[in-house]
Peer 1: 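Submitted below is the structure of interest, expressed as structure tokens.
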Protein chains: 2
Amino acid sequence: MSRAEQKERTRRAIINAAFSQLSADKSFASLSLREVAREAGIAPTSFYRHFADMDELGLTLVDEAGLMLRQLMRQARQRIEKNGSVIRTSIETFMEFVTGNSNVFRLLLRERSGTSAAFRSAVAREIQHFVAELAEYLRKETICPDELARAQAEAMVILVFHTGADALDAPPEQYSYLTSRTITQLRWLAHGAAGYGRKAKV
Amino acid sequence: MSRAEQKERTRRAIINAAFSQLSADKSFASLSLREVAREAGIAPTSFYRHFADMDELGLTLVDEAGLMLRQLMRQARQRIEKNGSVIRTSIETFMEFVTGNSNVFRLLLRERSGTSAAFRSAVAREIQHFVAELAEYLRKETICPDELARAQAEAMVILVFHTGADALDAPPEQYSYLTSRTITQLRWLAHGAAGYGRKAKV
DNA sequence: AGAATGAGCGAACAGTTGTAAGCTAAGCGG
DNA sequence: CCGCTTAGCTTACAACTGTTCGCTCATTCT
């Protein structure tokens with residue numbers, strides 16, 4: 001096995017170990033370097049061959065989580081083309097992600113308001129990808145000035161994100177309620193924004 | 001000084017020490033019993049005379065934070081009576097709270113998605129007070145079925161709460177933008193919900 | 001072939017943490 | 001006024017933390 005190849009392999013082992021230790025009652029901040037190293041199967045000191053400190057590992061995790069979310073977005077777009085219903089399909093795809101990768105979503109959710117400014121802005125950046133994309137869609141589909149399209153997109157993303165957070169603490173039989181509630185909220189927003197766009201009509 | 005009186009006094013010292021150690025880069029989870037005791041001016045072991053463990057202290061902090069929020073709500077109502085503008089006054093009052101007691105707000109913000117289920121539900125309960133109150137107001141002011149009033153109130157509270165979180169990382173000169181953006185979002189929601197309430201008309 | 005690189009290791013160190021045990025002394029109830 | 005209660009203290013311990021240092025040894029480069 002090549003030298004670089006092996007290095008990449010244990011780097012992944014570290015990342016996977018970190019992800020696997022995240023849970024409902026263990027945040028990234030409460031992970032210890034030694035614990036992660038133990039699960040990755042290396043000595044504590046070997047950790048430093050790959051990351052300068054835990055913060056650097058954390059930023060890597062946030063990046064990977066953001067990547068997963070963007071892949072999800074692409075997947076949702078494909079479904080929408082076949083399926084039609086934009087709002088419902090988007091939310092359902094998102095909810096599948098949240099329930100299927102709850103630890104990844106929790107990471108973003110927590111670090112969004114965490115103690116590290118670097119983490120916070122990294123998460124904010126990932127979320128902004130969503131907002132920008134949705135805003136562009138809104139600009140095309142509706143007759144809406146840039147500024148308002150962005151404000152509308154932000155509100156929508158926040159509501160969806162929050163529904164994901166709710167789902168983490170809710171029993172699965174409530175998912176469909178949460179989903180339909182959020183759909184209603186998004187329709188209100190779209191409807192209201194459209195009304196203000198063409199003030200004369202409403 | 002009475003015995004009970006003195007006990008209450010150091011209990012408050014502990015609570016105040018905990019609050020004062022919270023900051024942008026120090027969450028409740030990262031407080032240590034010893035540090036808190038040190039700042040409160042007592043021996044580490046004396047802490048146990050007042051709280052069984054740090055979790056019990058944390059729940060107390062959340063309760064106090066919720067209390068402050070409810071007082072704020074009352075204050076907002078008074079302003080509204082004199083001032084008129086419901087949405088703007090509410091948000092401005094809230095933003096004053098967030099910027100003036102940022103550590104208290106941060107506590108709620110973080111523990112809402114923290115690692116303790118007890119903390120999460122305690123925060124959720126405090127937020128539900130807002131939602132319930134707002135929902136009742138909406139039921140009275142608009143012609144809206146209970147279920148929808150609640151969904152509308154939830155969306156509004158989430159958006160306002162999130163704006164507070166934004167403000168924590170934003171420079172003060174952006175506050176007025178954040179405020180007006182949120183006002184727009186809430187108006188859309190109100191407008192859209194009203195539209196769906198009387199479907200025939202729009 | 002020989003030298004250089006660098007991933008991984010073990011031992012060690014100085015801190016910190018939560019908590020148990022037992023003592024002191026001040027306030028309280030009888 | 002005496003005995004009980006109890007807030008607060010000191011001491012102590014075992015468990016963990018992040019990080020430094022110096023070593024080995026397989027891969028890579030020349």
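Note on naming: letters A, B, ... go to the chains in the order of the sequence lines (proteins, then strands), and numbering restarts at 1 for each one. Bear in mind the structure is a predicted one, so any value in this text is a computation, not a measurement.
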Peer 1: Of all the heavy-atom pairs spanning A/Phe105 and A/Phe161, show the shortest one and how long it is.
Peer 2: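 That would be CZ-O, 3.6 Å.
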Peer 1: So does B/Arg79 pair up with B/Glu92, basic N to acidic O under 4.0 Å?
Peer 2: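 Here B/Arg79 does not pair with B/Glu92 in a salt bridge, since their nearest N and O are not under 4.0 Å apart.
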Peer 1: Is there a donor-acceptor contact under 3.5 Å from the side chain of B/Thr142 to the main chain of B/Arg139?
Peer 2: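 No; zero donor-acceptor contacts below 3.5 Å.
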Peer 1: B/Phe51 has an atom CZ; how far is it from atom P of D/dA7, in whole Å?
Peer 2: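 Interatomic distance, CZ of B/Phe51 to P of D/dA7: 13 Å.
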Peer 1: Just to be sure I understand the geometry, which residues of residues 3-13 of chain A put a non-hydrogen atom under 4.0 Å away from DNA chain C?
Peer 2: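 Listed by number, they are A/Arg3, A/Gln6, A/Lys7, A/Thr10.
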Peer 1: Can B/Arg112 and B/Glu126 be counted as an ion pair, charged N to O under 4.0 angstrom?
Peer 2: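 Salt bridge between B/Arg112 and B/Glu126, a charged N being under 4.0 Å from a carboxylate O: no.
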Peer 1: Measuring to OP1 and OP2 of C/dC9, would you say a side-chain N or O of A/Ser46 lies under 4.0 angstrom away?
Peer 2: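 Yes.
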Peer 1: For the side chain of A/Thr99 and the backbone of A/Glu96, is there at least one donor-acceptor N/O pair under 3.5 Å apart?
Peer 2: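 Checked: pair present.
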Peer 1: Restricting to nitrogen or oxygen on both sides, can you table the protein-nucleotides 17-21 of chain D pairs closer than 3.5 Å?
Peer 2:
| residue | atom | partner | partner atom | Å |
| --- | --- | --- | --- | --- |
| D/dT17 | OP1 | A/Ser32 | OG | 2.7 |
| D/dG18 | OP1 | A/Leu33 | N | 2.9 |
| D/dG18 | OP2 | A/Leu33 | N | 3.3 |
| D/dG18 | OP2 | A/Arg34 | N | 3.2 |
| D/dG18 | N7 | A/Arg34 | NH1 | 2.5 |
| D/dG18 | O6 | A/Arg34 | NH1 | 2.8 |
| D/dT19 | OP2 | A/Tyr48 | OH | 2.7 |
| D/dT19 | O5' | A/Tyr48 | OH | 3.3 |
| D/dT19 | O4 | A/Arg34 | NH1 | 3.4 |

Peer 1: Using a 3.5 Å cut-off and no angle test, enumerate the donor-acceptor pairs between side-chain atoms of residues 53-60 of chain A and protein atoms at least two apart in sequence or in another chain.
Peer 2:
| residue | atom | partner | partner atom | Å |
| --- | --- | --- | --- | --- |
| A/Asp53 | OD1 | A/Asp55 | N | 3.3 |
| A/Asp53 | OD1 | A/Glu56 | N | 3.1 |
| A/Thr60 | OG1 | A/Glu56 | O | 3.0 |

Peer 1: May I ask you to check whether over 12 heavy atoms, not counting those of B/Arg70, lie within 6.0 Å of atom CZ?
Peer 2: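 More than 12 heavy atoms, drawn from other residues, nucleotides or ligands, come within 6.0 Å of this atom.
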Peer 1: Other residues, nucleotides and ligands only: do more than 12 of their heavy atoms fall within 6.0 Å of CD on A/Gln6?
Peer 2: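 Counting neighbours around CD of A/Gln6, more than 12 heavy atoms of other residues, nucleotides or ligands fall under 6.0 Å, so yes.
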